Amino acid sequence: MGALAAIAYGVLAVVGGIMGYLQVQSKASLISGLVSGALLLLGGILWSRGIGAGIPLSLVVTAALVVVFIGRFRKTGKFMPAGLMIGLGAVALILMGVSLVAV
């Protein structure tokens, strides 16, 4: 379940980065979305294959994204995309934590 949460959040980060670029020509959104999404996809794949490095990679990148988006939400007050990424990141972290406890 944790690996799947990391992969899903990674896909969301990639899609969000692309959308940010297409809507407002934000190269920063594109680069950060692609990099963080790729790291989450890698972490989720490693985790699903039983390679231990995937767990901390997934947790750290997800937590970092949540922190970044909390800052953006405080700055803009807009739910999209910051609030959505905070909420889904929190859900992903919970699912990752539950899957670690279940092991």
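Please read these numbers as outputs of a predicted model, since none were measured by experiment. Computation of the quantities below employed the complete heavy-atom set of this structure, encompassing side-chain atoms and omitting hydrogens, waters and symmetry-equivalent molecules.
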Review point. If you measure from OG on Ser58 to CG on Leu46, what distance do you get to the nearest 0.5 Å?
Key: 8.0 Å
Check your understanding: Do Met96 and Leu100 come close enough that some side-chain heavy atom pair is under 4.5 Å?
Key -> no
Point to revise | Close side-chain approach of Leu95 and Tyr9, heavy atoms under 4.5 Å | key: no
Practice item. Examine distances only and state if a side-chain atom of Ser99 and a backbone atom of Gly2 form a donor-acceptor pair shorter than 3.5 Å. Key: yes
Exercise for review: State the CD1-CG distance between Ile86 and Leu65, to the nearest 0.5 angstrom.
Suggested key: 11.0 Å
Review point. Leu88, Val61: one ILVMFWY side-chain cluster at the under-4.5 Å cut-off?
Key: yes
Check your understanding: Roughly how far, to the nearest 0.5 Å, is CE of Met1 from CD1 of Ile94?
Key -> 11.5 Å
Practice item. Give a yes or no on whether Met80 and Phe73 share a hydrophobic cluster (residues Ile, Leu, Val, Met, Phe, Trp, Tyr; joining criterion: side-chain heavy atoms under 4.5 Å apart). Key: yes
Check your understanding: Going only through I, L, V, M, F, W and Y residues with side-chain contacts under 4.5 Å, is there a path from Trp47 to Ile51?
Key -> yes
Review point. With distance as the sole test, does Thr62 use its side chain to make a donor-acceptor pair with the main-chain N or O of Leu59 at under 3.5 Å?
Key: no
Review point. With a 4.5 Å heavy-atom cut-off, do Ser26 and Tyr21 have their side chains touching?
Key: no
Check your understanding: Can you name the one residue among Leu12, Ile70, Val68, Val66 that meets side chain to side chain contact (heavy atoms under 4.5 Å, CB included) with Met85?
Key -> Leu12
Review point. Under a 4.5 Å side-chain heavy-atom rule over Ile, Leu, Val, Met, Phe, Trp and Tyr, are Leu22 and Leu30 clustered together?
Key: yes
Review point. Hey, does Leu40 have a side-chain heavy atom less than 4.5 Å from the side chain of Ile7?
Key: no
Check your understanding: Do Val60 and Leu93 share a hydrophobic cluster (ILVMFWY, side-chain heavy atoms under 4.5 Å, transitive)?
Key -> no
